[in-house]
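Right, one structure below, let's go through it.
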Amino acid sequence: MKATGSLTGAFPAIVDAESAAELAQHTASLAREWASAADVGNDDADEALHAAWRARLAADRARRAETLDQAWEEAAAAWAAATTALEADARVVSAVVASFSAS
């Protein structure tokens with residue numbers, strides 16, 4: 001970041017992006033764990049992991065943003081990726097429930 005005082009102004013965006021990345025990582029980790037245990041939903045668990053990776057990259061870019069607008073754009077990108085991870089996790093959950101119901 002440029003040392004023009006924007007670092008302080010960007011702090012909420014950075015924290016927001018980090019929160020999204022942490023949520024995505026936690027969600028993806030659980031999706032992978034359940035998909036592996038039930039041997040279903042592996043493609044969706046992989047999608048959750050990729051989304052978590054994208055969220056982490058966006059959070060890193062938010063931290064390095066040169067403007068406040070860039071930081072908020074990256075926070076939005078991180079949340080979009082986190083949403084993808086949550087959606088993929090929901091599909092894993094559905095697959096796991098269906099596999100338990102079929103047993």
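Note that the structure is predicted; figures quoted are calculated from it, not measured.
- Across all non-hydrogen atoms, the minimal contact from Ser99 to Val40 is CB-CG1, 4.0 Å.
- Cluster annotation: Phe100 and Val93 are assigned to distinct hydrophobic clusters (Ile/Leu/Val/Met/Phe/Trp/Tyr, side-chain heavy-atom contacts under 4.5 Å, transitive).
- Neither side chain, Trp34 nor Asp89, offers a donor N or O lying under 3.5 Å from an acceptor on the other.
- Between atom CZ of residue Arg32 and atom CG of residue Asp46 there is a gap of 4.5 Å, rounded to the nearest 0.5 Å.
- Separation of atoms CZ (Arg61) and CD1 (Ile14) is listed at 13.5 Å; rounding is to 0.5 Å.
- Residues Leu68 and Gly9 come closest through the heavy atom pair CD1-O, 3.1 Å.
- Taking 4.5 Å as the limit, some side-chain heavy atom of Arg56 sits within range of a side-chain heavy atom of Glu18.
- The heavy-atom pair separating Ala82 from Ala24 by the smallest distance is CA-CB, 3.9 Å.
- Contact record, Ala88 with Asp44: CB-O, 3.3 Å, taken as the closest heavy-atom pair.
- Residues Ala59 and Ala78 approach most closely at N-CB, 4.5 Å, considering heavy atoms.
- Ala17 and Ala75 get closest at one heavy-atom pair: CB-CA, 3.8 Å.
- The environment of CH2 in Trp53 is sparse: at most 12 heavy-atom neighbours from other residues, nucleotides or ligands sit within 6.0 Å.
- With hydrogens and angles disregarded, no donor-acceptor distance shorter than 3.5 Å links the side chain of Ser29 to the backbone of Gln25.
- Side-chain contact between Leu86 and Leu23 is present, with heavy atoms from C-beta onward closer than 4.5 Å.
- Note: His50 NE2 to Arg54 CZ = 8.5 Å, rounded to the nearest 0.5 Å.
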